[in-house]
Amino acid sequence: MSAPSVVVLDYGFGNVRSAVRALERVGAQVELTSDRETAMAADGLVVPGVGAYAAVMTGLRGVRGDWIVERRLAGGLPVLGICVGLQVMFDEGVEHGVSTEGLGQWPGVVERLAAPVVPHMGWNTVDAPAGSRLFEGIADERFYFVHSYAAQTFTLGTDEPADTVFAPPLVTWADHGGRFVAAVENGPLTATQFHPEKSGDAGAQLLTNWLGTLR
């Protein structure tokens, strides 16, 4: 079988080369680009994110990244968000009292962590749900976080009837001064608050698990 093709969306922010190298090491054919046709044609799209929520949204909109994400998800095409790339999938981010509209794939607000020490920087465990494909074989491992803001609630799917044809999102949690969303698996949309590309062997296996969902 040929290597899955992955586009890491280039919108001018963050150290994305590490994500490119990590994906290449686990067997993906990777291209760093903002070209819409290439991004739409890839087996998987990675939306990295480092820094401020508002700056990431400005960068994404500057390359029509909001349109690319929306169109891929509408067609059932896989998208992986990393760090602020997870945060912008929510409705809104609030930093220093300023609210910024996100991509609106999930309801909720990203806010500053209520912890004695911020940013949350370093290795932490996660609480992955049963049935997670993303954390298969690595649910007890530690992952590398660097962030001051997070989504601290997740409500999508909690009111769905039991016989719904749509599987509810699988939400993984972590704790730093309180519980926050560490990862979400929601059909074609997957995202992690931590950096798999900086998380050693566990991160490599997580990326391998995600690539396995592309086929």
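All heavy atoms count here, side chains included; hydrogens, waters and symmetry mates do not.
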I would like to know whether Phe180 and His147 meet ring-ring contact (aromatic ring centres under 6.0 Å, His included); could you show each step before the answer? CA-CA 11 Å; Phe180 66 88; His147 63 117; 4.9 Å; yes
Trp210 and Val46: side-chain contact (heavy atoms from CB on, under 4.5 Å), yes or no, with the steps? CA-CA 11 Å; Trp210 179 68; Val46 173; 3.9 Å; yes
Report the C-alpha separation of Val50 and His195 in whole Å, then their side-chain angles, then the decisive distance to 0.1 Å, and conclude whether the side-chain contact (heavy atoms from CB on, under 4.5 Å) test is met. CA-CA 10 Å; Val50 176; His195 288 271; 4.1 Å; yes
Would you check, one step at a time, whether the test side-chain contact (heavy atoms from CB on, under 4.5 Å) holds for Trp173 with Asp175? CA-CA 7 Å; Trp173 299 89; Asp175 191 278; over 6 Å; no
Could you walk me through whether Asp66 and Leu60 pass the side-chain contact (heavy atoms from CB on, under 4.5 Å) check? CA-CA 6 Å; Asp66 50 345; Leu60 284 173; 5.6 Å; no
Is there a ring-ring contact (aromatic ring centres under 6.0 Å, His included) between Phe194 and Phe145? Walk through the geometry before answering. CA-CA 4 Å; Phe194 55 85; Phe145 293 82; 5.5 Å; yes
Side chain to side chain donor-acceptor pair (under 3.5 Å) for Asp43 and Ser5? Distances and angles first, verdict last. CA-CA 5 Å; Asp43 295 324; Ser5 61; 3.3 Å; yes
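The CD1 atom of Ile82 lies 12.0 Å from the CG atom of Leu9; values are rounded to the nearest 0.5 Å. One finds the OG1 atom of Thr153 at 12.5 Å from the CH2 atom of Trp106 (value rounded to the nearest 0.5 Å). The OH atom of Tyr53 sits 7.5 Å away from atom CD of Gln87, with the distance rounded to the nearest 0.5 Å. Note that CZ of Arg21 and CZ of Arg17 are 8.5 Å apart. Values are rounded to the nearest 0.5 Å. Here the OG1 atom belonging to Thr192 is positioned 8.0 Å from the CG atom belonging to Leu207, to the nearest 0.5 angstrom. Summarising the geometry, atom CD belonging to Glu37 is positioned 10.5 Å from atom CD1 belonging to Ile68; distances are rounded to the nearest 0.5 Å.
Cys83 is listed as a side-chain neighbour of Gln193, based on a closest heavy-atom distance under 4.5 Å. At a threshold of 4.5 Å between non-hydrogen side-chain atoms, the residues Met89 and Val79 count as touching. Within the 4.5 Å cutoff, the side chain of Thr100 has no heavy atoms near those of the Thr58 side chain. Residues Val126 and Glu141 fail the side-chain proximity criterion, which asks for heavy atoms closer than 4.5 Å.
By the side chain to side chain donor-acceptor pair (under 3.5 Å) test, Asp35 is found to be paired with Thr38, residues two or more places apart in sequence or in another chain being considered. Legend: residues meeting side-chain contact (heavy atoms from CB on, under 4.5 Å) with Ala28, ordered by chain and number and at least two apart, are Val6, Leu23, Val30, Leu211. In this structure Glu111 satisfies the side chain to side chain donor-acceptor pair (under 3.5 Å) test with no other residue, sequence neighbours excluded. Annotation: side-chain contact (heavy atoms from CB on, under 4.5 Å) contacts of Asp91 (sequence neighbours excluded): Pro107. Every residue meeting the side-chain contact (heavy atoms from CB on, under 4.5 Å) condition with Trp67, not counting sequence neighbours, appears here in chain and number order: Arg36, Met40, Arg64, Arg71. The side-chain contact (heavy atoms from CB on, under 4.5 Å) check on Ser132 picks up Pro129, Leu134, Phe135, Glu185, with sequence neighbours excluded.
Val184 and Pro169 get closest at one heavy-atom pair: CG1-CB, 4.3 Å. Of all non-hydrogen atoms in Leu170 and Gly131, the two that sit nearest each other are CD1-O, 3.7 Å. Taking each heavy atom of Tyr144 and Met121 in turn, the nearest pair found is OH-CG, 3.8 Å. Val8 approaches Leu32 most closely through the heavy-atom pair O-CD1, 3.3 Å. The two residues Tyr11 and Val56 come nearest to each other via the heavy atoms OH-CG1, 3.5 Å. Contact record, Ala202 with Phe143: CB-CE2, 3.7 Å, taken as the closest heavy-atom pair.
Relative orientation of the His176 and His120 rings is parallel, given thresholds of 30° and 60° on the angle between their planes.
A donor-acceptor contact shorter than 3.5 Å is absent between the side chain of Arg72 and the backbone of Pro188. In terms of modelled atom types and a separation under 3.5 Å, the side chain of Arg112 and the main chain of Ser148 share no donor-acceptor contact.
Hydrophobic clustering, with ILVMFWY side chains joined whenever heavy atoms are under 4.5 angstrom apart, groups Val63 together with Leu77. Tyr149 and Val146 are assigned to two separate hydrophobic clusters, defined by single-linkage of ILVMFWY side chains at heavy-atom distances under 4.5 Å. In this structure, Val181 is not a member of the same hydrophobic cluster as Val109, with clusters built from ILVMFWY side-chain heavy atoms closer than 4.5 Å.
Taking a 6.0 Å sphere around CD of Glu24, one finds it holds more than 12 heavy atoms contributed by other residues, nucleotides or ligands.
Judged by distance alone, the side chains of Asn209 and Gln205 do bring a donor and an acceptor atom under 3.5 Å apart.
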